Amino acid sequence: MLTLKTALNMHEDELKEVKQDILKRVKDHIELNAYIGEINASDAKGVPILIKDNINVKGWEITCASKILKGYVSPYNASVINKLHQNKMCGFGRANMDEFAMGSTTESSCYGRTKNPRDTSRVPGGSSGGSAAAVAGGLAIASLGSDTGGSIRQPAGFCGCVGLKPSYGRVSRYGLVAYSSSLDQIGPITQNVEDASILLDAISGYDPLDSTSVNMPSCNTFKNLDSNARYRIAVLEDFLKDATPQVQDAYYKTIKILEEMGHTIVEKSMIDTTYHISAYYIICTAEASSNLARFDGVRYGTRAKAENLKDLYLNTRSQYFGEEVKRRILLGSFVLSSGYYDAFYLKAQKLRSLICAQYETIFNECDAILLPVAPSVAPKFGSSQTPLEMYLSDIYTIGVNLAGLPAICLPVDKDEEGLPIGMQVIGGRFQEQTILNTAYGLEKELGN
Ligand code: GLN
């Protein structure tokens, strides 16, 4: 598939052909189930970008892959969509995802699971599984995903493409259906680092419609992309005990390459990843329980039959939310309830501060941190874990969201079966240029 950089230089007539080609490819690979429903092509001109189904595009159905939102048509554009239009791009198709972005496999979608194009017996990762599978499978030039705890980086890693989670506040969340508002960020999934930089520059920037948007100029990373920049890169070897031998190997290989390139490697340590998991799953479920309260059968999407108002709420939410979403609403309501608030929610917030402080200490001395993106390669369907096991597979990605940092995932190696292994480069707050430069240099060195 042609790259975003190339496509941006094409004329509208040529782009029409590109769109036809994408439609054909999607049909030819319908088994991947990366796109949801009929492909929505907005009237806007420009390079087609696949949009995760939790980002509002005016006039398109938006469901977050949940039965509860089926039939709901968005009345407005998310700010990122307007930004695409200002930068010669447009939304083209909705990407499959885990229901309300809760999950790591895209198996919780009400549209059925997406398959990994590298090996269709395996999951594509999640929650932005459709966005990553489409880019890796040649069904999209680039896509937008959202990352609350790894949902851009982990599927990019499992499918062998590039995914970037921007610093919290960099990209407007206006028009992104909120899962966990203090963690969510929209970001690009692309075929290479250059394209990630181009798409980040396009969608970033201050937005008065999002009160958490940071009043800084838009990113200008593409012009300044420099594969020769050299940095102090921290490695966290204590974290590796949870990774498979292949992932550990890939980590050490990558460290060696970075060292040979002239980067300085510094060993660091951090609070155990178990605490990252606990803090994340308390905070994200608490926020989700509040954010998802709005789906009551009155204002959006599907409405269940009921005799009275209480039953309307009860029946709609019981019948149309999936199991994982219900689990999280229950957990979130529990940790916020008066008897347990101090014991769980408050402690999680303290942990979050501690994790932020530890990152800050590392970034006082280093420019970036190298970590695997997941403890293993993409698992097979059916090797299905318990919910807790699934939560534990997020160990390497969620700390970044808790601290609001930027991170980019890129493929660095393959296991013996040819499955991609991704690494992430994490940067200090608003240091997107540093992580893009590091990843760009590494990508060149690897010959990807
Ligand atoms: N797997 C994580 C979760 O289920 C991350 C999801 C995400 O980033 N949206 O919460």
Side-chain angles (χ1 to χ4, degrees), residues 52-55 64-66 95-109 113-114 123-132 143-159 163-166 168 171 173 176-189 273 276-289 291-292 321-332 335 348 352 372-376 378-379 384-409 422 424 426:
K52 188 174 179 178
D53 197 35
N54 59 352
I55 299 173
C64 299
S66 178
N96 203 5
M97 57 184 281
D98 277 301
E99 186 179 4
F100 284 105
M102 297 172 184
S104 312
T105 60
T106 313
E107 288 172 295
S108 71
S109 164
R113 62 201 193 185
T114 294
V123 305
S127 64
S128 313
S131 304
S143 61
L144 290 184
S146 67
D147 193 311
T148 305
S151 280
I152 288 175
R153 292 160 287 154
Q154 184 257 30
F158 280 179
C159 294
L164 188 152
K165 182 234 166 244
Y168 187 76
V171 175
R173 292 183 298 109
L176 168 70
V177 179
Y179 160 14
S180 179
S181 315
S182 77
L183 302 163
D184 300 338
Q185 270 290 290
I186 298 172
I189 296 182
T273 49
H276 294 217
I277 298 280
S278 312
Y280 173 83
Y281 275 97
I282 288 171
I283 291 168
C284 79
T285 54
E287 292 185 17
S289 71
N291 275 326
L292 271 59
F321 274 141
E323 211 176 295
E324 183 58 30
V325 174
K326 284 183 197 162
R327 183 177 296 117
R328 295 196 189 198
I329 291 173
L330 285 174
L331 192 57
V335 297
R352 184 177 191 173
V373 78
S376 70
S384 223
Q385 316 132 322
T386 62
L388 186 61
E389 280 164 352
M390 186 180 80
Y391 300 167
L392 290 174
S393 71
D394 292 334
I395 43 174
Y396 297 133
T397 46
I398 54 189
V400 164
N401 300 74
L402 289 169
L405 304 173
I408 186 166
C409 163
Q424 51 176 339
I426 304 165

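Atoms within each ligand, like the ligands themselves, are counted from 1 in listed order. Any value given below was found using the heavy atoms of this structure, including those in side chains, with hydrogens, waters and symmetry copies removed. None of these values were measured; they are calculated from a predicted model.
Annotation: Gly149 places an N or O atom under 3.5 Å from an N or O atom of ligand 1; distance criterion only. Checked by distance only, ligand 1 and Asp394 come closer than 3.5 Å through their nitrogen or oxygen atoms.
Every atom of ligand 1 is numbered from 1 in the order shown, and the set under 4.0 Å from a heavy atom of Tyr281 is 1 (N), 2 (C), 3 (C), 4 (O), 10 (O).
Taking a cutoff of 4.0 Å between a charged side-chain nitrogen and a carboxylate oxygen, Glu324 and Arg327 qualify as a salt bridge.
By the criterion of a heavy-atom distance under 4.0 Å, the side chain of Arg328, and not its backbone, is placed next to ligand 1. Within the 4.0 Å heavy-atom criterion, both parts of Ala101, backbone and side chain, lie near ligand 1.
Of the possible donor and acceptor atoms, one in the side chain of Asn291 sits under 3.5 Å from a partner among the backbone N and O of Tyr179. For the pair Ser289 (side chain) and Ala286 (backbone), a donor-acceptor distance under 3.5 Å is present.
Taking the six-membered ring for Trp and thresholds of 30 and 60 degrees, Tyr391 and Tyr281 have nearly parallel ring planes, at less than 30 degrees apart.
Residues Thr386 and Met390 are not in side-chain contact: their nearest non-hydrogen atoms beyond the backbone lie 4.5 Å or more apart.
Nearest residue to atom 5 (C) of ligand 1 from Tyr179, Phe100, Tyr391, Tyr280 is Tyr280 (criterion: closest heavy atom).
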For a side chain to side chain contact (heavy atoms under 4.5 Å, CB included) check, start with the C-alpha distance between Cys64 and Asp53, then their side-chain angles and the critical distance, and finish with the verdict. CA-CA 5 Å; Cys64 299; Asp53 197 35; 5.5 Å; no
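Residue Glu324 places no heavy atom under 4.0 Å from ligand 1.
Protein heavy atom at the shortest distance from atom 6 (C) of ligand 1 is Ser151 OG, 2.8 Å.
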